[in-house]
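Before we start, here is the structure in question, set down as structure tokens.
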Number of protein chains: 2
Amino acid sequence: MRKNAVEQLSEYLAGQGLRSTTQRDQILQVFISAGRHLSAEELYLRVKKPHPNIGYATVYRTLKLLAEAGLADERRFEDGFTRYEYKASDDHHDHLICTKCGAIIEFENERIEALQQDVARKNHFLVQNHKLELYGLCGDCRKKDR
Amino acid sequence: MRKNAVEQLSEYLAGQGLRSTTQRDQILQVFISAGRHLSAEELYLRVKKPHPNIGYATVYRTLKLLAEAGLADERRFEDGFTRYEYKASDDHHDHLICTKCGAIIEFENERIEALQQDVARKNHFLVQNHKLELYGLCGDCRKKDR
DNA sequence: CTACGTATTGAAAATGGTTTTCAATATCAA
DNA sequence: TTGATATTGAAAACCATTTTCAATACGTAG
């Protein structure tokens, strides 16, 4: 866990004239210690255990806030609902997603990123961010398949 | 328009024990002659003009059917709703999406595809399909921005 | 330290794209 | 032509997410 994630949130809130609350801190704590690619519901369930009085809406609201504050990335895969992942400032990555078991594997590839910039340049396009997802079967599911 | 799209649909339907209907053919016709990346609602509106008695649900149902039949690709961009595009069997492409005006530009890049296969191989992963989207500003919007 | 203005919360209702239900209708094999 | 059943249109249901609203908590001014 990044040393100052809570501080980073506080700073963002202060800068926006928003308030720090125990709920926001609690949700952030659980979010950071939980696995990656959480949906709002998954996070809600995890937060619910230690803090049973936190509401569904607050989890949704806080997740959007974390995305705005730069602490989380918001992603929509093909399964219909939005997932969030804790964002370390320097780590960009893409995903391999198993269509059978739902496993999500992360990867980085600088050469692909460079080629993306080429494509953008040729189209007079300025890339703000991108999304690369490879859907298919993971190693385990390929074995089980036979 | 591909010569035998309607036939291709008929064959698929017959093979599945499903029925050919005038609505399905009409929707397919309009779908093919319309622009790319249509949402269900856009298609519904276009179909409505020549065929005012076709229902919303039928458009949704037919679109899913076309995807199953291999005549359309189903894609979810970040704007929340599903878009479909007519699928020529040999043409795979990815997208540049303008976050300001919503323009969608298509591109293909074999070298990127090859690198994707490399990544998959390293992860013992079998790619069934993929999705690459670059979000940012298109040439026009970059100019207007200043 | 206290009080006040207002941001935030939780619960429930609303939203909006998509799917399902259901009775009426159309398809197609016999 | 008939009968079994797939399909349709309209409306209701779904379901993830957002909004509403009265009660509560935050934090600044005094």
Let me spell it out: for each of B/G17 and B/V59, pick the nucleotide of DNA chain D with the closest heavy atom. Which residue's pick is nearer the 5' end?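 It is B/G17 whose nearest nucleotide is closer to the 5' end.
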Residues which pass salt bridge (charged side-chain N to carboxylate O under 4.0 Å, His left out) with A/D25, listed by chain and number, not counting sequence neighbours: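 Counting only residues at least two positions away or on another chain, A/D25 forms no salt bridge (charged side-chain N to carboxylate O under 4.0 Å, His left out).
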Starting at CG of B/L38 and ending at P of C/dT18, how long is that distance when rounded to a whole Å? 12 Å
End axis versus end axis in the helix from C/dC1-D/dG30 to C/dA30-D/dT1, the angle rounded to 10°, five pairs used at each terminus: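 What I find for the helix from C/dC1-D/dG30 to C/dA30-D/dT1 is an axis angle of 30°.
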What string of B, S and - do you get for nucleotides 17-30 of chain D, 5' to 3', when a contact is any protein heavy atom under 4.0 Å? BBBB----BBS---
Taking atom CD1 of B/I32 and atom CG of B/L71, what is their separation to the nearest 0.5 Å?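 Reported value, rounded in 0.5 Å steps: 7.0 Å.
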Round to the nearest Å and state the distance from B/I27 atom CD1 to D/dG9 atom C1'.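 Distance check: B/I27 CD1 to D/dG9 C1' gives 11 Å.
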Determine which pairs satisfy side-chain hydrogen bond (donor to acceptor under 3.5 Å, both in side chains) with at least one residue from residues 57-70 of chain A, sequence neighbours left out, and list them in order. A/Y12-A/E68
In whole Å, what is the span from the CZ atom of B/R75 to the P atom of C/dG17?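 Taking CZ of B/R75 and P of C/dG17, I get 21 Å after rounding.
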Find the distance B/D79:CG to C/dG16:P and express it as a whole number of Å.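 About 15 Å, once rounded to whole Å.
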Whole Å only: how far is the CG atom of B/L43 from the P atom of C/dG17? 16 Å
Rounding to a whole Å, what distance do you find between B/H51:NE2 and D/dG9:P? 11 Å
Partners of A/Q116 by side chain to side chain donor-acceptor pair (under 3.5 Å), sequence neighbours excluded?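 For A/Q116, the residues satisfying side chain to side chain donor-acceptor pair (under 3.5 Å) (neighbours in sequence not counted) are A/H130.
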Do any pairs count as a salt bridge (Lys or Arg N to Asp or Glu O under 4.0 Å) and have a residue in residues 111-124 of chain B, sequence neighbours left out, and if so which ones?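 Found B/D118-B/R121.
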Testing the basics here: between B/Y86 and B/F31, what is the closest heavy-atom pair and its distance to 0.1 Å?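 Smallest interatomic distance, heavy atoms only, reads N-CZ, 3.4 Å.
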Please list, chain by chain and in numerical order, all residues satisfying salt bridge (charged side-chain N to carboxylate O under 4.0 Å, His left out) with A/R83, sequence neighbours excluded.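 Salt bridge (charged side-chain N to carboxylate O under 4.0 Å, His left out) list for A/R83, sorted by chain: A/E42, A/D79.
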Between C/dA29 atom P and B/L13 atom CG, what is the distance in whole Å? 13 Å
Could I get the full list of salt bridge (charged side-chain N to carboxylate O under 4.0 Å, His left out) partners for B/E78, not counting sequence neighbours?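 A/R76, A/K131.
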Spacing of A/E68 atom CD relative to C/dA7 atom C1', expressed in whole Å: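 Answer to the nearest Å: 15 Å.
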Identify, with sequence neighbours excluded, every residue that meets salt bridge (charged side-chain N to carboxylate O under 4.0 Å, His left out) alongside A/R75. A/E85
